[in-house]
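First up is the structure itself, then whatever we jot down about it.
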Amino acid sequence: MNLIQSDVSEKDSNRESLLALQKRLQQSVELFRSLKNENAQLRSEIDELRARMESLSRAHSPNQREVAKLLDERKIVRDKVEKILEALSLLESKTLG
């Protein structure tokens with residue numbers, strides 16, 4: 001292979017690598033946006049649960065079963081938020097690192 005062919009081959013290889021990197025970056029951005037949206041929805045759900053809890057606690061004799069149910073629901077949502085935050089952190093370290 002002569003020098004010109006080698007240079008063309010190297011440029012083609014670099015172009016392919018750049019295209020693959022751009023595709024990976026686009027996928028990361030899309031995943032990031034998706035995770036951020038899901039996180040925002042879950043945070044809203046937590047706020048709604050908190051409001052329902054406050055409403056129940058203001059009642060003359062709060063239904064303890066309902067309070068316990070809301071606490072369980074809130075824990076489930078908070079666990080989902082934690083998983084999303086972990087995924088975002090991992091994605092950020094892979095993208096920037």
Side-chain angles (χ1 to χ4, degrees):
M1 209 166 30
N2 65 32
L3 188 58
I4 293 173
Q5 288 174 329
S6 175
D7 188 43
V8 168
S9 177
E10 185 177 332
K11 285 181 181 178
D12 286 343
S13 176
N14 288 343
R15 186 176 299 119
E16 289 173 10
S17 295
L18 180 59
L19 290 173
L21 183 59
Q22 285 174 330
K23 182 178 179 180
R24 185 172 162 210
L25 180 60
Q26 183 62 34
Q27 290 170 338
S28 295
V29 167
E30 289 171 8
L31 178 59
F32 179 80
R33 286 181 181 146
S34 173
L35 290 171
K36 291 289 269 187
N37 288 340
E38 188 176 348
N39 187 45
Q41 290 171 351
L42 291 171
R43 294 256 181 221
S44 293
E45 193 173 330
I46 288 174
D47 290 342
E48 180 183 325
L49 290 170
R50 184 179 300 122
R52 287 171 49 200
M53 181 83 73
E54 287 175 9
S55 177
L56 276 175
S57 67
R58 288 187 195 130
H60 179 62
S61 58
N63 181 338
Q64 295 303 316
R65 186 175 294 150
E66 187 67 23
V67 170
K69 180 181 171 188
L70 287 174
L71 288 172
D72 290 342
E73 286 180 41
R74 189 172 73 175
K75 181 177 179 349
I76 290 169
V77 173
R78 284 183 184 254
D79 289 346
K80 288 179 184 178
V81 168
E82 286 299 318
K83 287 180 183 178
I84 289 172
L85 293 176
E86 288 174 14
L88 286 171
S89 178
L90 181 62
L91 178 63
E92 182 179 46
S93 68
K94 284 184 176 181
T95 303
L96 299 178

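None of the values given here were measured: they were computed from a predicted structure.
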If you look only at distance, which donor and acceptor atoms sit under 3.5 Å apart when one is on a side chain in residues 64-90 and the other is two or more places apart or in another chain?
from: Lys75; atom 1: NZ; to: Asp79; atom 2: OD2; distance (Å): 3.1

So do Gln26 and Gln22 actually touch side chain to side chain, heavy atoms under 4.5 Å? no
Residue pairs fulfilling salt bridge (Lys or Arg N to Asp or Glu O under 4.0 Å) with at least one residue in residues 30-44, sequence neighbours excluded: none
List in chain and number order the residues that pass side chain to side chain donor-acceptor pair (under 3.5 Å) with Asn14, two or more places apart in sequence or in another chain; answer none if no residue qualifies. none
Donor-acceptor pair, side chain of Ser28 and main chain of Arg24, under 3.5 angstrom: yes
Please list, chain by chain and in numerical order, all residues satisfying side chain to side chain donor-acceptor pair (under 3.5 Å) with Arg58, sequence neighbours excluded. none
Asn37: which residues meet the side chain to side chain donor-acceptor pair (under 3.5 Å) condition with it, sequence neighbours left out? none
Side chain to side chain donor-acceptor pair (under 3.5 Å) filter on Arg52, not counting sequence neighbours, yields none
How long is the straight-line distance from OG of Ser44 back to CG of Leu49, given to the nearest 0.5 Å? 11.0 Å
